[in-house]
Each structure stands twice: as structure tokens, then as C-alpha cells.
Amino acid sequence: MNSNSIDSKLLEVLVCPLSKGPLVYDTKMQELISESAGLAYPVRDGIPIMLVEEARKLENNK
Amino acid sequence: MEKSDSIFDQNALFQHRKRAKKEFKLHDFMIQEVAGRLSERLEETNRNFDTAIGICWQNRILREICHRANNIDKLIIYNNCKTKNSDKNQIIAEPELFPIAPKSIDLFVSLLEWHWINDLPGVLSQSLSALKSDGLILGAMFGGNTLTELRTVLIEAEMITKGGVTPRIPPFVDVETLGNLLLRIGFTLPVIDIDTINVTYPNAFKLMHEIRGMGETNCLTKRSKKFTRRDILYRAAELYNDKYGTSDGRINATFQVIFFTAWAPHHSQPKPKKRGSGKYSLESAINNFEGIKNK
């Protein structure tokens with residue numbers, strides 16, 4: 001854990017704003033991944049940016 | 001993701017706040033006043049809350065009052081206007097798309113935010129689902145009589161000079177609607193009260209300057225996008241003086257603030273008994289009462 005990681009309590013309460021589905025925290029990429037919406041939300045300086053316009057679209061590898 | 005038929009233009013709101021951010025301290029009188037009153041209500045709940053979400057674009061003020069109430073272990077700021085600050089315990093999200101897990105929060109605090117929301121029922125319903133059982137929502141928003149004087153004189157001035165009006169001051173929710181809404185969504189024990197705060201200003205221009213400084217400039221989607229004509233403003237200021245002037249040459253402005261609390265349902269809360277479950281007839285109760293009275 002570095003100082004730029006999300007606070008654990010924040011992680012507990014966060015879900016994807018679009019699908020309300022669970023999020024997976026990718027600490028290396030500093031992203032919160034919503035499989036159900038196919039989006040990765042950025043985390044900047046430990047602050048989750050839950051904006052669809054800022055999210056990266058996941059490539060579908062299946 | 002702005003829908004063109006929305007009542008409020010959220011991007012305009014972000015812009016107004018961005019503009020107001022720098023000198024906000026000069027115009028934070030109203031929000032500080034309301035924040036103080038909200039904090040009292042928070043203290044009065046006599047409860048301790050583990051995790052709270054606080055919605056207010058001035059996160060510093062919200063943190064201060066929650067700190068003062070001293071009954072929240074963890075306050076997470078819900079930053080809904082995309083302004084940057086270094087507060088670690090915050091989430092940046094759309095105002096009307098909550099990224100919050102069901103039943104994960106003990107308290108929602110909303111300080112002067114929801115009078116600019118397009119879908120108030122939607123936001124309240126998302127709050128309810130995020131709350132744990134017996135969780136509390138506590139909020140303050142501007143109500144229907146806010147800036148009624150300014151609204152009146154602007155309409156009149158515009159009618160006189162242009163022969164028509166443009167929408168300027170937003171539709172605010174009233175107490176009855178809010179109460180019904182909270183119950184319909186599924187909250188229990190709603191309590192709503194109104195504080196009317198009267199402020200005087202040197203003149204109408206100072207008042208308009210203050211509103212701008214508060215970041216509360218008109219952001220109705222159907223607002224006129226042109227600058228207001230100078231003659232309309234002067235006429236409105238004149239009318240304001242005539243109609244709502246004080247004896248010492250200032251003007252009155254009304255701010256109406258609606259405070260509300262409501263709870264997520266829990267079996268320990270008082271509920272009305274089921275219909276037909278009574279065991280004592282009203283008639284005999286009345287007769288009994290009459291009997292006591294006549295003694």
C-alpha cells in the first residue's frame with residue numbers, strides 16, 4: 001500500500017455508479033474496474049473518480 | 001451526460017462554482033449559518049454513526065460541522081461538482097449517479113446541494129438504498145420562499161421594459177411535497193422544518209453580487225443565455241428599494257431553508273398498529289372521558 005492508494009473504508013462502500021455492480025481495485029494501474037459496465041474508473045492521488053466520462057472502456061478479450 | 005430536457009444545467013452549476021471558489025470566503029455567510037443549524041440537528045440525534053457520506057461542495061465547511069457534532073467516526077465527502085481539492089476521504093461522482101453500495105452507510109448529510117438536483121426522488125431513493133437499516137438522512141436545502149423579493153422585482157422590471165419574462169429563479173421544493181416524497185420512497189419518521197433567514201443588503205446589486213459569490217447563480221436550462229440588460233437591472237433595483245426597502249436605506253432578502261431528517265426503516269422504530277387490531281372501542285373511551293370531565 002502506498003500513500004496514493006484508496007482508503008479501505010472508501011473501497012468498502014464503492015460500487016459502479018452505472019451498473020451498481022462490484023468494483024475490483026487494480027493497485028498497479030490505479031483503477032477501479034467494473035466488469036459489469038465494462039469500464040475502469042481512474043484513481044488519482046487516492047481519490048476515486050467515479051465519472052463515466054473519465055472512465056476507460058475495457059477491451060473485450062472474450 | 002446532460003439531457004436537454006433537464007430543469008437544471010449541471011455544467012453551468014459547475015462553472016458557477018468554479019468561478020465562486022476563489023473568493024468564496026467573502027460570501028460564505030449563508031452556508032456557514034445553515035451549516036451551524038444543521039450541525040445542531042446532527043447533535044440532537046443523540047446517536048453515533050460509523051460511516052457517513054457528506055454532500056457539499058464546500059467540503060471544509062461540512063467537515064467542520066461534522067467535527068463539531070462529534071458523532072461520526074468516518075466522514076466521506078461526496079464531491080459532486082468535479083472541483084479539485086486534496087481531501088483524501090472523498091469520492092468524485094456525478095450528482096445524480098451514486099456509486100455507493102447498498103446498505104453500506106449509516107448517515108447521509110446533504111448541505112445546500114439538492115435544490116439544484118433534477119431528479120430529487122431519484123437521489124433520495126438512491127440515498128435510501130445506500131443506507132443501512134436505521135440509518136439517517138439529514139439535509140438542508142433552499143425552499144420556495146427563497147429570494148422571493150428578487151424574483152418579484154425582476155419579473156416586474158422585465159415586464160415593464162421588455163414586455164416579457166425569462167426564467168431566473170429556480171422552482172424550489174415545498175415542505176409538503178418533500179414530506180410525501182420521503183414517505184413514498186420508503187423512509188420512516190420524517191421530520192421537516194423551515195427556518196426563514198432574513199438578511200439585509202445595501203442594495204439589489206450587492207445582493208446579486210453575493211448570490212454570484214455563493215456560486216448560486218441561475219443555472220436553469222431555460223435561462224436566458226444573454227447578459228441581462230442594464231436598464232432591467234436598474235429598474236429592478238429601484239423597485240426593490242421601493243417595495244422591500246428598510247427604514248435605514250437597505251433592502252431585505254429572504255432565504256428559506258428546509259431542514260429534513262428521515263430514517264431507513266428498522267423494526268425497533270415506532271409504527272402505527274395494524275388496522276382493526278384495537279381492542280377498546282372509541283365510543284366507550286369518549287364516554288369515559290365525558291364521565292371524568294363531568295365529575
Side-chain angles (χ1 to χ4, degrees), chain A, chain B residues 1-3 10-11 13-14 49-55 57 59 63 66 72-109 117 119 122-123 125-132 135 264:
Chain A
M1 284 293 224
N2 59 35
S3 63
N4 283 338
S5 294
I6 305 185
D7 180 274
S8 61
K9 194 81 200 177
L10 251 72
L11 267 183
E12 274 173 40
V13 307
L14 281 175
V15 291
C16 172
L18 269 191
S19 66
K20 309 282 181 204
L23 296 164
V24 178
Y25 185 24
D26 181 338
T27 46
K28 211 174 88 193
M29 292 283 286
Q30 286 298 322
E31 280 180 337
L32 287 162
I33 294 159
S34 166
E35 289 284 350
S36 45
L39 292 170
Y41 300 92
V43 177
R44 296 190 192 121
D45 303 323
I47 300 166
I49 321 277
M50 308 308 290
L51 302 170
V52 176
E53 68 207 33
E54 300 267 333
R56 179 175 66 84
K57 275 206 182 79
L58 295 176
E59 285 153 43
N60 203 345
N61 296 329
K62 282 167 202 167
Chain B
M1 288 205 302
E2 196 64 38
K3 278 182 268 162
Q10 299 271 345
N11 283 327
L13 179 63
F14 302 148
F49 302 98
D50 287 343
T51 314
I53 296 253
I55 308 185
W57 76 290
N59 58 323
R63 277 213 184 277
C66 289
I72 299 172
D73 291 341
K74 175 94 179 176
L75 173 66
I76 301 168
I77 299 286
Y78 186 133
N79 179 340
N80 66 5
C81 61
K82 306 174 189 176
T83 50
K84 281 191 196 113
N85 63 64
S86 58
D87 197 323
K88 280 269 177 192
N89 281 309
Q90 70 168 318
I91 300 166
I92 295 180
E94 294 284 349
E96 303 186 23
L97 270 181
F98 286 21
I100 303 165
K103 295 192 182 300
S104 61
I105 300 294
D106 302 281
L107 169 71
F108 251 104
V109 186
I117 226 81
D119 180 14
V123 162
S125 143
Q126 290 183 70
S127 312
L128 178 61
S129 51
L131 281 172
K132 288 181 197 162

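Remember, predicted model here, so these are calculated numbers, not experimental data. Numbered from 1 within each chain, the chains take letters A, B, ... in sequence-line order.
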Which pair of non-hydrogen atoms, one from A:G21 and one from A:S36, has the smallest distance, and what is that distance?
CA-OG, 3.9 Å

Would you check if there is a donor-acceptor pair between the side chains of A:Q30 and A:Y25 at a distance under 3.5 Å?
yes

Between A:I49, A:L23, A:L14, A:V13, which residue shows the highest count of heavy-atom pairs closer than 4.5 Å to chain B?
A:V13

Quick one: does any side-chain atom of B:D87 pair with a main-chain N or O of B:Q90 as donor and acceptor, under 3.5 Å?
no

So, the part of B:I91 with a heavy atom under 4.5 Å from chain A: the answer is both

Should A:R44 and A:E54 be marked as a salt bridge (Lys or Arg N to Asp or Glu O under 4.0 Å) after you check the CA-CA gap, both sets of side-chain angles, and the distance that decides it?
CA-CA 11 Å; A:R44 296 190 192 121; A:E54 300 267 333; 3.0 Å; yes

Which bit of B:I100 is near chain A, if near means a heavy-atom gap under 4.5 Å: side chain, backbone, both or neither?
both

